[in-house]
Trainee: 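Quick one: this structure, given as structure tokens, is what I'll be asking you about.
Below, chain A is the first sequence line, B the second, and so on; all start at residue 1.
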2 protein chains.
Amino acid sequence: MSGRKLEMSNLSKSILKDQAFQLREQAILDATTSILGSKGYDLMTMDDVAKAVGISKPSLYKHFKSKEELVGEALIRLIDGAIQYLAGLDVALSPLKKLITLLEWALRIRLEGGIPFLPSTSAHVRDMLLRNIKYMTHFFQLNSQLEQLVIAAQKNNELNSSLPIDVILISYYARTCDPTIEHLQIFSQMSHDDIIKNMLHVTFKGFNGL
Amino acid sequence: MSGRKLEMSNLSKSILKDQAFQLREQAILDATTSILGSKGYDLMTMDDVAKAVGISKPSLYKHFKSKEELVGEALIRLIDGAIQYLAGLDVALSPLKKLITLLEWALRIRLEGGIPFLPSTSAHVRDMLLRNIKYMTHFFQLNSQLEQLVIAAQKNNELNSSLPIDVILISYYARTCDPTIEHLQIFSQMSHDDIIKNMLHVTFKGFNGL
DNA sequence: GTCTATAGCTGGATAGAC
DNA sequence: GTCTATCCAGCTATAGAC
């Protein structure tokens, strides 16, 4: 009886511990995301992350065994967020409208200090992600959905059918890491809404569109 | 008489030395440009540059007193090239056609291993350049010409007048450092000409344009 | 599991011989 | 001006005490 009690107590202690561990892990990923957004991969140090979370560097390494794994997990979480956001969209929306809405979501995240979900501007980071199987799995899940949307939009004549799908998809990703966003923030002092509005116009209609 | 001879001899020796010095300086800038194009600023080391040129690191520092100065000079040379290219264009071309032609030139340079002439994707590099007065002087010289072209093209109805000039200009620069270029090279294996054609379409007409 | 302390390495920059 | 050799700062990652 007392043995059983002890067992349960240990179990609930362990659950609590896991919860705290999970919470700290999310806090680490939050900090990583924010620092990645401002400094980028190369300039982000593990000391930065540890200090932002309020833990020591060795503790950080108990959660993630390397800087590459840490960044990979942060990006995976972001991709999963995009997949969930897509899944939550009104099914009645047209393919093009879904693509626009998702990009708007990604741009807003970026403006609020987050990171582009892909593809990195740095060859180093790009190669690192290509080697990260877990990341690539999640990425392909998102990518195949986006590809279907692009194809459907082309069939609808919502998107130009003469453009190769790859060109549209890759350019679409590139808009989420476009330095235009930061430059407009710094030099033009536009509101977030105006930046997003203009970025969407340029992306879908170009400079002379409409 | 012999004194004069000696003087001339020293002079010509000095000229020769200057020429060799100038040549090596250009070689250093060539190597820097190429390495910047492939690895980017953060991953480019002074050892890389010295090795590519075939000189030692201290010799490199005789030419450029820091990594920041070296990169600044490489970018200045690139901007000056753009200014010269603009100046050499047929004056009969419309403002829009000039903008398209210059971007095509920049994209081709990039595809051949060069660097985007602006604006850097990295906050670190961007801040470094903002502090570089010589660089900013050259940049503004190019920028004011491009601004005039954009304004003229808007007056012509060649470019959408509802888009702020800043949005067009900054997006225009951004296309020269757009990771789409590399991704299309790596994943789609398109020819350079096709990549440029598609990039120009997306830039000026967007995804659904025309 | 958490910390302090440090190993090990890399890269920017320089001293000093020639 | 060129080299070899080296300094020093900063970073990733870990050892070892508690």
Trainee: Whole angstroms only, please: what is the CD-P distance between Glu25(B) and dT2(D)?
Mentor: 11 Å

Trainee: If you take any heavy atom closer than 4.0 Å to DNA chain C, which residues from residues 49-67 of chain B end up in contact?
Mentor: Lys57(B), Pro58(B), Tyr61(B), Ser66(B), Lys67(B)

Trainee: Atom CE of Met44(A) and atom C1' of dA13(D): how far apart are they, to the nearest Å?
Mentor: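 Computing the Met44(A):CE to dA13(D):C1' distance gives 14 Å.
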
Trainee: Could you tell me which residues satisfy ring pair (Phe, Tyr, Trp, His ring centres under 6.0 Å) with His192(B), sequence neighbours excluded, listed by chain and number?
Mentor: none

Trainee: Going by atom types alone, do Tyr41(A) and Asp42(B) pair a side-chain donor with an acceptor below 3.5 Å?
Mentor: no

Trainee: Distance check, rounded to the nearest 0.5 Å: Glu69(A) atom CD versus Glu73(A) atom CD?
Mentor: 6.0 Å

Trainee: Atom CG of Asp48(A) to atom P of dG10(D): distance rounded to whole Å?
Mentor: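 Going from CG in Asp48(A) over to P in dG10(D) covers 12 Å.
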
Trainee: Could you state the atom-to-atom distance from NZ of Lys39(A) to C1' of dG10(D) in whole Å?
Mentor: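 In whole Å, dG10(D) C1' lies 12 Å from Lys39(A) NZ.
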
Trainee: If every non-hydrogen atom of Leu163(A) is compared with every non-hydrogen atom of Gln154(A), which pair is closest and at what distance?
Mentor: O-NE2, 2.9 Å

Trainee: For the pair made of CD in Gln22(A) and C1' in dG1(C), what is the distance, rounded to whole Å?
Mentor: 16 Å

Trainee: Give the ring-plane orientation class for Tyr85(B) versus Trp105(B), where under 30° counts as parallel, over 60° as perpendicular and anything between as tilted.
Mentor: parallel

Trainee: Ignoring hydrogens and geometry beyond distance, is a side-chain donor-acceptor pair present between Asp48(B) and Thr45(B) at under 3.5 Å?
Mentor: yes

Trainee: Do the side-chain N or O atoms of Arg24(B) get closer than 4.0 angstrom to the phosphate oxygens (OP1, OP2) of dT2(D)?
Mentor: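 True: Arg24(B) side-chain N/O within range (under 4.0 Å) of dT2(D) OP1/OP2.
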
Trainee: Quick one: Asp47(B) CG to dC3(D) P, roughly how many Å, whole number?
Mentor: 13 Å

Trainee: Specify the separation, in whole Å, of atom CG of Leu70(A) and atom P of dA13(D).
Mentor: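 In whole Å, dA13(D) P and Leu70(A) CG are 10 Å from each other.
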
Trainee: Taking atom C1' of dG11(C) as reference, at what distance in whole Å does atom CD of Glu68(B) sit?
Mentor: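 Result: 14 Å.
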
